[in-house]
Amino acid sequence: MMKKVWKIAALMLSLVLILGCFAACGEKTPTNGEEGTTAGEVGTTVAAQSARLADGVLTVGTNAAFPPFEYLGDDGEPDGFDIALIEAIGEKLGVTVEVMDMEFDSLCTSVGNRIDVAIAGMTVDPEREQTVTFSDNYYKAIQNVLVAADNTEITDMASLEGKAIGVQQGTTGDMIATDEIPNAEVKRYNTFALAVEDLKNGNLDAVIIDQNPAEVFAAENEGVLTLLGAENFGFADEYYAIACPKDDSALVASVNAALAELQADGTFDQLVAEYIEK
Ligand code: ARG
């Protein structure tokens with residue numbers, strides 16, 4: 001008799017536990033069919049979901065030598081479109097943003113350990129997706145080619161064959177020069193600014209670099225450098241996104257929700273006008 005009572009009690013207890021678990025799991029069930037929460041559900045609720053935001057700080061890595069997306073301002077601190085964007089995202093999430101200037105090449109492997117996320121005009125790329133999870137895309141980009149103003153030889157992809165090509169180490173420009181141009185002598189620099197310097201010094205035939213920074217460097221070196229558009233080179237469209245930790249879908253969801261809000265409320269376009277189209 002006594003045994004039976006205990007059995008029933010144990011059964012009821014496990015039932016309660018099972019039901020309780022279902023209820024708790026239910027709370028975390030995505031409502032929009034994707035991992036994470038519904039867009040718009042930002043603020044402390046979502047921010048609190050990622051343990052990485054529990055300290056109230058979003059630590060962000062960038063490589064501040066890629067204008068207009070990131071560069072060092074007059075005060076020596078990182079500034080630019082990406083910095084303004086990630087600060088706006090931090091504000092939506094109710095956390096402080098701390099930006100660390102690092103080498104571009106070490107950003108992906110630092111995401112999730114030294115830094116929470118990386119924003120660096122970084123192109124979504126399958127190789128990088130082995131290490132990070134990208135947020136939704138926020139900008140469409142394409143590669144361009146910078147040459148000396150008096151260079152008449154380089155006109156298309158075939159004419160780059162066997163040439164000395166400068167790139168920033170680990171960028172998509174590096175991948176293209178390395179993988180797609182036969183016999184190219186690829187010279188890799190820590191920043192695009194250094195590659196552009198060497199192009200001006202006559203040590204390179206061309207620099208392969210994203211269009212917006214290419215435009216900035218061309219404008220800074222009018223009459224010295226010429227910007228060749230993407231048309232004759234067959235470059236593919238690229239998309240910039242924020243690199244997030246692979247093991248933190250809550251953080252990805254928070255970043256995406258904040259990004260969607262900024263796009264919906266006009267802040268995003270305002271930043272494009274202020275930093276990119278100015
Ligand atoms: N979009 C290119 C890439 O992802 C270049 C990015 C370089 N960014 C930088 N902050 N230096 O590879």
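Reckoned from all heavy atoms, side chains included, excluding hydrogens, waters and symmetry mates. Residue numbers count from 1 along this sequence. Ligands are counted one by one from 1 in listed order, and the atoms in each one are counted from 1 as well.
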Report the residue from Val196, Asn201, Leu194 that forms a side-chain contact (heavy atoms from CB on, under 4.5 Å) with Asp198.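 Output: one option passes, namely Asn201.
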
Below 4.0 Å from ligand 1: does a non-hydrogen atom of Arg128 turn up there or not?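 The answer is yes: ligand 1 sits under 4.0 Å from a heavy atom of Arg128.
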
Are Gly121 and ligand 1 in contact, using a heavy-atom cut-off of under 4.0 Å?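 For ligand 1, residue contact (heavy atoms, under 4.0 Å) with Gly121 is present.
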
Taking the side chain as everything from C-beta on, heavy atoms only, tell me whether Met157 gets closer than 4.5 Å to Glu180.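 When only atoms from C-beta onward are counted, Glu180 and Met157 do touch, with a gap below 4.5 Å.
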
Under 4.0 Å, heavy atoms only, figure out whether ligand 1 is touched by the backbone of Asp210, its side chain, both or neither.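 The part of Asp210 near ligand 1 is the side chain, not the backbone.
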
Going by distance only, is there an N or O of [X] that falls short of 3.5 Å from an N or O of ligand 1?
| X | result |
| --- | --- |
| Thr172 | yes |
| Ala120 | yes |
| Gln143 | no |
| Gly170 | no |

Is the backbone of [Y] close enough, under 3.5 Å, to the side chain of [X] for a donor and an acceptor to pair up by distance?
| X | Y | result |
| --- | --- | --- |
| Arg52 | Val117 | no |
| Lys200 | Asn221 | no |
| Asp210 | Asn212 | no |

Where ligand 1 meets [X] - atom numbers and elements under 4.0 angstrom, heavy-atom basis:
| X | answer |
| --- | --- |
| Gln168 | 7 (C), 9 (C), 11 (N) |
| Tyr240 | 1 (N) |
| Asn63 | 9 (C), 10 (N), 11 (N) |

For Tyr275, check ring-ring contact (aromatic ring centres under 6.0 Å, His included) against everything at least two apart and list the hits.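 Partners of Tyr275 under the ring-ring contact (aromatic ring centres under 6.0 Å, His included) test: none.
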
Scan the side chains in residues 58-72 for donor-acceptor partners under 3.5 Å anywhere in the protein, sequence neighbours excluded, and list what turns up.
{"residue": "Thr62", "atom": "OG1", "partner": "Glu70", "partner atom": "OE1", "Å": "3.3"}
{"residue": "Thr62", "atom": "OG1", "partner": "Ile119", "partner atom": "O", "Å": "2.8"}
{"residue": "Asn63", "atom": "OD1", "partner": "Gln168", "partner atom": "NE2", "Å": "2.8"}
{"residue": "Asn63", "atom": "ND2", "partner": "Met102", "partner atom": "O", "Å": "2.8"}
{"residue": "Glu70", "atom": "OE2", "partner": "Gly121", "partner atom": "N", "Å": "3.4"}

